[in-house]
Amino acid sequence: MTMSTDLPDPKGVFVDFKRELNPEQLRAVEIMNGPVLVIAGAGSGKTRTLVYRVARLIQEGVKPDKILLLTFTRKAAATMLARASRIVGPQCQQVTGGTFHGFAHRMLRRYGHLIGYPNNFTILDRTDMLDLLYLLARQLELTGPGKQFPRKSTLASIVSKTENCGGYVSKVIEQNYPHLLGELPGLEKLVPVYRKYKKVHALMDYDDLLLRWRDVLKEHAQVRESMDSWFQYIMVDEYQDTNATQAEIVHLMACGHDNVMVVGDDAQSIYSFRGANFKNIMNFPDMFSRTQIIKLERNYRSTQPNLDCTNAIIANAKEKFTKRLTAQRKGGNPPYLYTAKDEVDQAKFVADRIQELLKDGFKPSDIAVLFRAGFHSFHLETELGSRGITFAKRGGLRLIEAAHIKDLLSLLRLLINPLDRLSWGRILLLIERLGIKSVEKIFSQLIKSEDPLECLSTYKTKAAWGETVRGLGSLLKRLHDMPADLPDLLLQLETWYRPHLEKIHHEDYPKRLRELAHLRGLSARYDDAVSMLADLALDPPDQEEMEKEKERLVLSTMHSAKGLEWKAVLILSLAEGRFPSPAASFRTKEIEEERRLFYVAATRAKDFLCFCYPAFISVSGTGLLPARPSRFLEEIPSDLLQLWKKGVDFQGSPGSDQTGPGIFTPGKRVRHPIFGPGRVIRDIGPKKIQVLFDVAGEKTLHLDYAKLSVIES
DNA sequence: TTTGCTTATCTTTTT
DNA sequence: GATAAGCAAA
């Protein structure tokens, strides 16, 4: 299977493309010129098609460095190129592959000077953006006593939407945040100030990377020309999750040859909150005339019953999608539905299933548990921990956003740019009895100085913190003048930071120290601090070591599960109030996206698929509340699901076989052998009641025939 | 000017 | 359950 590294010529390697691919995939792989749109359903061999396309191009003699492969994560590109290498040879590794943002960053380091950016600009990650916006809002006195100003994250969304939609704050507010119309004047002041601040201080947020790269391409014909002779073949994966700017970039980069292939699934568009527009994929043929459209509609991943169920989920979507999948695999069982008492019971159930699957010969890496939001897995994490099952968690909190990591990186940033207002704020506020006013004072001194670090090391003040501040100044000055290698540099910064860490996080500082050490280990891979900071912002490393993660059970948000597959998938907390996310509950557009998200999650499963629904969820403040099953679960016809049958312990459980008149009063939770759990709505006539079942809906039951039992709660 | 205490207000998803 | 704003006191 593995090719030796000294293959003379890729043309010499025999690959039977016809055998490896179905006719549609083969067509996509064989088209050598012009624009191609591949509409690929879930599990239709999309990745395989791209891998073979790369292999084919190289076999045809296209130079690997003339190929650009843009994917959603850097990992995805690396995996694809590794697979292509195994088919036609190691030269595939020279293909340029990565994310849009990463690629734009590289290009801007090279061409950014054309639009007035130095090549060592700093990337603002999400938290940096929030902090900066807040700082500027404060300086403009938009916030303060008695003033209601949008929360940080709302602020960031407004600014981001404004920049991505033509620059009109008023339009964004009217359309998306009508309740903030009162703040419009302030916001209209803030946006240009933010824009200017970034330019003056050489900062770029995530939107800027794409927008500014677009500007360079648009305004500088010579860059465009060097691009299209540089990359003769461009491929974009997950095209349904790109935004208008990305589409424009693709168009500009390919305008000399139109050899563009985009691949995506309109039913799996789940990133509109980030500005992605799934209409992009439909508009592709308008952007490139002569587009050839190929649909991949055979599903190789899932068994027929799983596919029937996922087809039913997406069939209810308001937008009509472009294709209908048919299964290539036979056999299998319908997905299971388990109704748990509450989230603790749900965690126990999932842990039981995992242990059972492992006993049946599944590897830990064959199994994944998916959920809507990071904190939904809380109970499960404790349960797995107590049973000694290790797992890798994807999504949710990021290492890079943790306070202690940000603190240390801020120190590093100050070495690169001693006038970084945000980093000074972060660091100086750590010092005892030094507050926001003093930071302003110090910073105004630094900005006037020729050598800010020197200035800080001789800073004059009567305050008690003077010595600490001067010490910091001379440490940074020394490190600045005598550059060490990165791990050593970080160690010295850490030595200064450590007392503050221990004081602020006295509860869990050992854990945080370990993470700092981990960061130091990571830093050995980089040549300089600038590229390390950029890389950490664009491609945040997982908390676990990569090697071990490959063999582990995965807990993941539904978003982070995109593009992956497992033999067994369990989906947690499919209850109203959890899924769809309550934040999305009122807008139909967002509900439709939640539905697509459910579709994405359910289509990750190859063989075993199980939905879990807790009858009670805990809500902040109020405590335990009864919850209805998710509306998306209710939409699935009941014959496409099977209820999970509890074993012996269910039949023997006390109280479950109580029957008789009078006990089925309205409001009681009951269980029916076929319809599962439900709630009695009303009594109608002698021995007849109406029950609203969680899954099957409303039914009228005759108590003489129906084998109902009361569920104890 | 800084800090500590109280209270209210949400809690998505991510390059 | 964290985070931020408001207020009083050191």
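Quick note: numbers below take in every heavy atom, side chains included, and nothing from hydrogens, waters or symmetry partners. Values in this document were obtained by computation on a predicted structure and should not be read as measured data. Residue numbers begin at 1 in each chain, while the letters A, B, ... track the order of the sequences.
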Can you tell me if the side-chain N/O atoms of [X] get under 4.0 Å from OP1 or OP2 in [N]?
X: A/Thr557; N: B/dT14; result: yes
X: A/Ser560; N: B/dT14; result: yes
X: A/Tyr134; N: C/dT3; result: no

If you define the side chain from C-beta out and look only at heavy atoms, does anything of A/Phe103 sit under 4.5 Å from A/Leu70?
yes
Between [N] ([atom2]) and [X] ([atom1]): distance, integer Å:
X: A/Ile123; N: B/dT15; atom1: CD1; atom2: P; result: 13 Å
X: A/Lys161; N: B/dT14; atom1: NZ; atom2: C1'; result: 14 Å
X: A/Met558; N: B/dT13; atom1: CE; atom2: P; result: 12 Å
X: A/Ile617; N: B/dT11; atom1: CD1; atom2: C1'; result: 13 Å
X: A/Ile436; N: B/dT3; atom1: CD1; atom2: C1'; result: 14 Å
X: A/Leu430; N: B/dT3; atom1: CG; atom2: P; result: 11 Å
X: A/Tyr271; N: B/dT14; atom1: OH; atom2: P; result: 6 Å
X: A/Ile431; N: B/dT1; atom1: CD1; atom2: P; result: 18 Å

Strictly under 6.0 Å, is that where the ring centroids of A/Phe598 and A/Phe611 end up?
yes
Between [options], which nucleotide gets closest to the side-chain atoms of [X]?
X: A/Lys437; options: C/dA5, B/dT1, B/dT14; value: B/dT1
X: A/Ser438; options: B/dT14, B/dT15, B/dT1; value: B/dT1
X: A/Tyr206; options: B/dT15, B/dT14, B/dT1; value: B/dT15

On DNA chain B, more 5' by nearest nucleotide between A/Ala537 and A/Trp465 is A/Trp465
Mapping A/Asp207 and A/Leu434 to their closest nucleotides on DNA chain B, which lands nearer the 5' end?
A/Leu434
Using a cut-off of 4.0 Å on non-hydrogen atoms, how would the nucleic acid contact of [X] be classed: base, sugar-phosphate, or nothing?
X: A/Arg433; answer: sugar-phosphate
X: A/Leu597; answer: nothing
X: A/Glu593; answer: nothing
X: A/Phe100; answer: nothing

Check whether more than 12 heavy atoms from other residues, nucleotides or ligands sit under 6.0 Å from atom CZ of A/Arg195, and answer yes or no.
yes
Taken in chain and number order and not counting sequence neighbours, the residues that satisfy salt bridge (charged side-chain N to carboxylate O under 4.0 Å, His left out) with A/Asp208 are A/Lys198, A/Arg212
Working note: A/Asp265 + A/Gln240, criterion side-chain hydrogen bond (donor to acceptor under 3.5 Å, both in side chains); need CA distance, chi angles, decisive distance, verdict.
CA-CA 6 Å; A/Asp265 180 358; A/Gln240 77 282 355; over 6 Å; no
